[in-house]
Amino acid sequence: MTEKKIRCRIAPSPSGFLHIGTAKTALYNWLFARSQDGAFILRLEDTDAERTDEQYVDAMCEGFRWLGIDWDEGPKFGDEPQKGAYGPYRQSERSHFYQREAERLLQEGKAYKCFCTREEIDAMREQAAREKRPPRYTGKCRNLTPDEIAAKGETPYSIRFRVPEGETVVEDVIQGPVRFNNKEYDDFIIVKPNGAAIFHLAVVVDDGLMEISHIIRGDDHLTNAGRHVMLFNALGYPLPKFAHHPLVHDEQGRKYSKRLHGANVLDWREDGYLPETLINYIALLGWTSEEEGREFFSLEELKGMFTLKRLTKSPARFDRKKLDWLNGQHIRMLSPEQLRDRVVPIMRKHNLDVDARQQEWLLEVVSICQEKIPTLNHIVGYTDFFFERPATYDEKGTRKFFEKEESVLWLQTAIECMQQADVWDHQTLKAQYEADAAAKEIKIGALVNTTRLALTGKTVGPGLYELTALLGRDEALARMERALTFIQQQSGDTQT
RNA sequence: GUCCCCAUCGUCUAGCCUGGUCUAGGACACCGCCCUUUCACGGCGGCGACAGGGGUUCAAAUCCCCUUGGGGACGCCA
């Protein structure tokens, strides 16, 4: 059996950043190609020169890189050269192909020159709107004779595809057969008067010439697929398999708008999410595993299990809560070293002087937070007190632990615990706190939480004994004394 | 307006193709309880859905039709 090589592509138009929806399409294509030992191709649809900007190209590729989606063939990007035998991989550099193929269609009578002006076409459209007809081209230039065409001389013209009679069926892997009456399509333009190819021609020529075997894309292209099938047939290219998946919706159920936060996949990096999480989550946004109930996947695992058969037909909303949960799961899967490496730049950015500290100590600090933080960014609030003494004490915490009658006793007891600890570690501190709490009949929670407030200024954070051990005896005791002074001042103030 | 797609808990979904095993399973969220120094994690339990109406059938979440709702496409954008 000589099976044709699987070749998939993502063909974004670099008019902005990497959209979450584009990422989904890319991921599915990438996973399918990888799972089938096929090739994944990146092609830039930058024919609309006005909307293309190099910085957009970079931003988009950056998004792919962050996610870990790599391509076997594609254009030059940064220090990566163009690669692949089907180049160039930018539509703007492929116009000669489009011209050649358009010319061929013209020769074969499958396309024709249209001399209608923009004004004429606009008028037709308005007319149609008035008469409540679908806005379709009337076919005015469809049957011009060679003489009539010659008589036009130098008049600029566009090239229209001559849509054949009959029915077009898109055999979609996800949707099943989708039938279109060709009457629904008008003779669409494939080449503009300035000679530039229109999207429909460009994609089909590119997909045909690049021998793309599977076109996996958003179902906003489903209607276009009919045009593309006709074009594939007219050009004599073998038909690829189509798979139109539903679009990503926002939490309100609408198409995920470009202007919404999170539309840019790099927004999530900014917010402290792992690329592993995004990959996992986006995969779940339209695909389910054969292994029922399983939702946690690494990129590597996904590669092995992905199948087009398990793609979902209905659109999915983006659910931030579930993303948070998944991110927590992925954070816990990291080794402490990996977590430290990812979190240290964030801490540095928030002016925590990580560089003045021992690597070993940092590793431990990060480790005691691993089970607690839902996003990488939360590390700041969970560790900042290690680097600076609390400037204020949490208000609610103050009321609960510093303004009670026993507050001074609690704090003094805690101080004694610390002083009596012969070894400054988690075990010893824990034992000491438990012993003193029992001896003085104080609830351990009161002791612990008062200490936490004194040491960190907060009511939440890493485990107390772990944190105290890492803070060091001198610093811990200094902060305890400071808190004691604070309490005494407070009560003094209220008494006078 | 025309065409196309979709429709199971609040959300993501399993089941649908190959009707009966579904008093519809899981996950997130939510609510209890347990564990626990807080938060989180984890454990246990609860709440919660086959959009509506017609068929077909002994039997329908599963097949067919209609309605409704949602989405998409109708460019000299991609």
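The sequence lines fix the lettering, A, B, ..., with proteins before strands; numbering per chain opens at 1. What you see is a predicted model; the values in this text were computed from it and never measured.
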Restricting both atoms to N or O, compile the protein contacts to nucleotides 69-74 of chain B shorter than 3.5 Å, with distance only.
{"residue": "rA73(B)", "atom": "O4'", "partner": "Thr223(A)", "partner atom": "OG1", "Å": "3.4"}
{"residue": "rA73(B)", "atom": "O2'", "partner": "Thr223(A)", "partner atom": "OG1", "Å": "3.3"}

List, with names and distances, any nitrogen or oxygen atoms from the protein found under 3.5 Å away from nitrogen or oxygen atoms belonging to nucleotides 38-41 of chain B.
{"residue": "rU38(B)", "atom": "O4'", "partner": "Asn449(A)", "partner atom": "OD1", "Å": "3.3"}
{"residue": "rU38(B)", "atom": "O2'", "partner": "Thr459(A)", "partner atom": "O", "Å": "3.2"}
{"residue": "rU38(B)", "atom": "O2", "partner": "Thr459(A)", "partner atom": "O", "Å": "3.4"}
{"residue": "rU38(B)", "atom": "O2", "partner": "Gly461(A)", "partner atom": "N", "Å": "3.3"}
{"residue": "rU38(B)", "atom": "N3", "partner": "Arg452(A)", "partner atom": "NH2", "Å": "3.0"}
{"residue": "rU38(B)", "atom": "N3", "partner": "Gly461(A)", "partner atom": "O", "Å": "3.2"}
{"residue": "rU38(B)", "atom": "O4", "partner": "Lys372(A)", "partner atom": "NZ", "Å": "2.9"}
{"residue": "rC39(B)", "atom": "N3", "partner": "Lys372(A)", "partner atom": "NZ", "Å": "2.5"}
{"residue": "rC39(B)", "atom": "N4", "partner": "Lys372(A)", "partner atom": "NZ", "Å": "3.0"}
{"residue": "rA40(B)", "atom": "O2'", "partner": "Glu371(A)", "partner atom": "O", "Å": "3.2"}

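Tyr273(A) pairs by the ring-ring contact (aromatic ring centres under 6.0 Å, His included) definition with Trp268(A), not counting sequence neighbours. In this structure Glu120(A) satisfies the salt bridge (Lys or Arg N to Asp or Glu O under 4.0 Å) test together with Lys140(A), sequence neighbours excluded. With sequence neighbours left out, the salt bridge (Lys or Arg N to Asp or Glu O under 4.0 Å) criterion links Glu290(A) to Arg310(A). Taking the side chain to side chain donor-acceptor pair (under 3.5 Å) definition, one finds that Asn29(A) meets it with nothing, sequence neighbours left out. In this view, His228(A) and Phe199(A), His200(A) satisfy the ring-ring contact (aromatic ring centres under 6.0 Å, His included) rule, not counting sequence neighbours. Judged as a side-chain contact (heavy atoms from CB on, under 4.5 Å), and not counting sequence neighbours, the contacts of Gln427(A) are Asp425(A).
Listed in residue order, the members of residues 291-299 of chain A having a heavy atom less than 4.0 Å from RNA chain B are Glu292(A), Gly293(A), Glu295(A). Heavy-atom distances under 4.0 Å link RNA chain B to Gln175(A) of residues 163-177 of chain A, given in residue order. In the region residues 279-290 of chain A, proximity to RNA chain B at under 4.0 angstrom, judged on heavy atoms, holds for Leu284(A), Gly286(A), Thr288(A).
Looking only at distances, no side-chain donor or acceptor of Asp186(A) sits under 3.5 Å from a matching main-chain atom of Arg136(A).
Between Tyr465(A) and Leu311(A), the residue anchored nearer the 5' end of RNA chain B, judged by the nucleotide with its closest heavy atom, is Leu311(A).
Regarding contacts with the backbone of rC12(B), every side-chain N or O of Lys322(A) stays at 4.0 angstrom or more from both OP1 and OP2.
Looking at Val203(A) and Arg9(A), their side chains come closer than 4.5 Å, going by heavy atoms from C-beta outward.
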Open item on the list: Does Glu276(A) form a salt bridge (charged side-chain N to carboxylate O under 4.0 Å, His left out) with Arg342(A)? I'd like the steps, not just the answer.
Closed with: CA-CA 13 Å; Glu276(A) 292 92 324; Arg342(A) 300 203 195 200; 2.6 Å; yes
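Using the Watson-Crick or G-U wobble rule with both distances under 3.5 Å, rC74(B) pairs with rG1(B). Pairing of rG69(B), defined by two Watson-Crick or G-U wobble distances under 3.5 Å, is identified with rC6(B). For rG42(B), the paired base is rC34(B) (Watson-Crick or G-U wobble, both distances below 3.5 Å).
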Only pairs under 3.5 Å count here: list side-chain donor-acceptor contacts from residues 458-465 of chain A, not counting sequence neighbours, and write none if there are none.
{"residue": "Lys458(A)", "atom": "NZ", "partner": "Gly381(A)", "partner atom": "O", "Å": "2.8"}
{"residue": "Lys458(A)", "atom": "NZ", "partner": "Asp384(A)", "partner atom": "OD1", "Å": "3.0"}
{"residue": "Lys458(A)", "atom": "NZ", "partner": "Asp384(A)", "partner atom": "OD2", "Å": "3.2"}

